[in-house]
Every structure is written in structure tokens, then in C-alpha cells.
Amino acid sequence: MLFAYMFVDVMSPLQSLIQKQRGWSPDAFGYYAGAEYILNVFGFLILAGIILDKMGVRFTGTLSASLMVAGALIKLYAISELFQGTALELWLNSWWTEMPGSAKLAALGFMIFGCGCEMAGITVSKALAKWFEGKEMALAMGLEMAIARIGVFFIFTISPRLADSVVPASVVVPVAFCSALLCIGLLAYIVFTFMDAKLDREMGANKVAEAESDEEFKLSDVGSIFKSKLFWIIAMLCVLYYSAIFPFQRYAANMLQCNLGISETQASDIFRWFPVGAAALTPLLGYYLDRKGKGASMLILGAILMIVCHLTFAFVVPATKSELITYSAIVVLGISFSLVPAALWPSVPKIMDKRFLGSAYSLIFWVQNIGLAFVPILIGKVITWSNPGVTDPMQYDYTLPMCCFASLGVLALIFGIILKAMNTVHHYGLEDPNIKEDFEDVRIDGEA
Ligand SMILES: NCCCC[C@H](N)C(=O)NCC(=O)O
């Protein structure tokens, strides 16, 4: 997941470079960024859930890592000199001209990568649940997310530097570097499959068979989950919150460049502290949640902090050009991005029957992916629409796009408040500690 998250954001600090080198407009960059989720939205994630439950974590993890490598190599080819001037490029350039051929092929590669990445996300959750059942599962999940966030920090640090390591600067170097890391990730996962097989042998065949059948994905479960009000509240909160985080991450470096008049590298150096804050706090908050609870309150606080930060980027940073205010907003956004994931993912088992859990995670990811696919496209359009005639990628006004992100936060906050109110009335245990023997078990099975 570390290398996957690095690949996801390898181009984020290079938006203005790819615009200069390959002619990708903000619109084209938005389409490319949203492509990661398109196939998932059109049902791949649901299929991935079925494959995972039918074939297990070893097969699905290897398949997902292979998909990531294949997608990465297509994207690498698309942005490389090798692709320039080929018949394929000429053909791709000949239709939907707003989107250069290189952006179209890179988007295709990113789509395939995205299938692997999200499939890996649900596979890793299931593998962690299997390995840490009855132990420090929330902490393990928190640490996994923390390692992924450190990858984002690392890539924001090295991506512009790798691009500048050749003359003229090139987006190919960082993308090639991350593609090589994904190959190492695939090898690492293959090693893990042997360890997992050993664990199965140690657990004993009977216990494994029992555990697998317990969690089997049934198509009829999808209907039960979709009928649940709680599922929709959690899914809406998730899609609205994450749509104001991951798509923002794609545009953040350019937003800072435009607001502060700084270089790509300087902007990335500021923004990279966002995932670091999240990485440091997520496991601690997971530890706190396990022992003290307050999950629903953490979701509300996380949404409020995000709104404040996005409004600061919209109005205060461009007016003051203050690096101190910018750093503060980045750190506070990192705190928000610890509170929500640390509270959201461990809340799901509290409200879903164990039998639904795998499908529930894959369906929440699916709803979330709809937002992650379309919000970057929307933001690309808002940037273009609110900056008529601006062609210099250093001169965009980001006020309106940042207000869009803040509005998503307001909607997420409303769903967080509804969730907390429902929890007060129905006692789902969302404010209770995870480590507790006798919390009242009112899950979807009970609710439906
Ligand atoms: N491709 C990066 C986005 C990952 C989305 C994923 N479905 C997710 O929500 N992961 C949990 C997290 O907090 O990163």
C-alpha cells in the first residue's frame, strides 16, 4: 500500500510541468486524475469483493498488485518520449482534442492501476482482519494507513526533485521510479502469500474453512446493505469527506503555487506535511478509540476542521500569502485526516453484521469511488470556468474550487451530526470503546 499510494500521487506535484511538456490542461488533468476510479465505479469494486471472498487474500492480493504494475507501465509509456509521434498517439490526438493522446493513454493505465489499488485496499483490510482477529486490529489498520500516508509525504518530497534531476525536467523519471517500486511491492506480496499459507497451516484447515464460509460474499447481502439507512449515512459521510481530501491532494501543490507564487518543489515541500500529520496521529487515535470510544464525535470534529482549513486556503492564504498560516492549515488538515479515517473504518463492524462486513467495506469503497472519480473532473472544470483566459498554470485563482471542497465538508458534517443523533437514539455503540465486553449489539441485522 505504501508504493501504491506513492504511485497515486506521483504526478500531483507535477501538474504545471505536465501542462508545459504534454499540454494537459487542468480539465485534462482532472479527467486523468478521476480515471483511477472509473472502472471501480462501473462495478469492478463489487466484482473485486466477490473475487476476494471466493478466491481469498493470496490470489486477490497477487492479482491486484499485478494490475497495479500493468497499469503503471501503461501510464509510464503514455507520458514517455517513446509514445510521442507514434501512430497510436496521432490517433488518440485525433478525437476529443481537449484531452491530449498522452493523457488519454495515461488515464487508461491509471484506470487499470486504480482497479488494482482499490482491490488491494479491501484485500489488505481482510488480510489484517484475519491476521489480527482478537488482537490489536484497529491499531494494525491505523499503522497500515499511516505507512501509506508516509508514502504520500515521501512522494511529494521526491517527485519534483526526481523530475528536476534531468535536463530538461521530466515527469518520466518519478513515474518510472514509482513503477519500479510497484514491481518490488508485487514481489513482497508474493513473499507474503507464503507466510499466509503458513499461517493457514498453523490455524488448521477446519478453522480456516469455518472463517471463510462465515464471511462469504452473497449477492443477496448487497440488497440488505443497500436497504440500510445507516449504510447510506456512513457511505455518504465517507464519499463527501474523502472527496474533499484525495481530489484536493491532486490540486494542492498547484493551489499553493498559485496562492503563494512559489515553485513546484517549494509547494510540495509545504504540502508534504499534511500526510505526515495524518500518519503520526491515525494509529494514536485508533489506540484511543479502542479504549475510550467517541468515534461519532471524532467524525464530526474531523469534518469541522476540514471546512476551516479549506476556507483558509480559499480566502486567508491568498489574502495574506502567509507561510505560517499555510503550514498551520496543512497541519490542522492532517489532524482532520487522522480523526475521520481512524473513526470511520472501525465503526463499520459496529453497525454491520460480521456476515456483511466484506461486502459492506467493498460497497462503501464503491460509493466513495464515485466521488473520487467525479470530483477531480468537477474541480478541473471549476478551475477552467473560474479562470477564463488564464493559460499560465501559476496564475489560477483557486477561491471557487476551495469553496467547493469546503461545501463537501459541510455536507459531510451534516451526515456526521445525523449519525451521532441516530447513535444517541438507537445505541449503535459508535461512541463506545472497541475494547468492551458487553456493548449492546444493534447492527444492521437487528435494524433491518
Ligand atoms: N487511491 C487512494 C485512495 C484510496 C481510497 C481507499 N478506498 C480508502 O479509502 N482508503 C482508506 C484511507 O483512508 O486511505
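The chain is numbered in sequence order, starting from 1. When a ligand or atom number is given, it counts from 1 through the structure's own listing order.
- Relative ring orientation between Tyr398 and Tyr396 is described as perpendicular, the plane-to-plane angle rising above 60° on a 0-90° scale split at 30° and 60°.
- With 3.5 Å as the limit, one finds no donor-acceptor pair spanning the side chains of Tyr428 and Ser347.
- Geometrically, Arg291 engages Tyr287 in a cation-pi contact defined by less than 6.0 Å to the ring centre and at most 45° from the axis.
- If you check which protein heavy atom lies closest to atom 2 (C) of ligand 1, you get Tyr37 OH, 3.6 Å.
- Under the 30°/60° scheme for interplanar angles, the aromatic rings of Trp345 and Tyr361 are found to be tilted.
- Between Phe231 and Phe226, the two ring planes are perpendicular [angle over 60°; tilted spans 30° to 60°].
- Using cut-offs of 30° and 60° on the angle between ring planes, the pair Trp96 and Tyr31 is perpendicular.
- What sits closest to atom 1 (N) of ligand 1 on the protein, heavy atoms only, is Glu36 OE2, 2.8 Å.
- Near Phe246, meaning under 4.0 Å from one of its heavy atoms, ligand 1 places the atoms 3 (C), 4 (C), 5 (C), 14 (O).
- Given atom 10 (N) of ligand 1, the protein heavy atom at minimum distance is Tyr5 OH, 3.1 Å.
- At the shortest separation from atom 5 (C) of ligand 1 among protein heavy atoms lies Glu118 OE2, 3.4 Å.
- Using a 30° and 60° split on the angle between ring planes, Phe248 and Phe271 fall in the perpendicular class, above 60°.
- Contact atoms of ligand 1 toward Arg149: 12 (C), 13 (O), 14 (O) (distance under 4.0 Å to a heavy atom of the residue).
- Counting the atoms of ligand 1 from 1 in the order shown, those under 4.0 Å from a heavy atom of Trp345 are 9 (O), 11 (C), 13 (O).
- At a heavy-atom distance under 4.0 Å, no atom of Glu144 approaches ligand 1.
- What sits closest to atom 9 (O) of ligand 1 on the protein, heavy atoms only, is Gln368 NE2, 2.7 Å.
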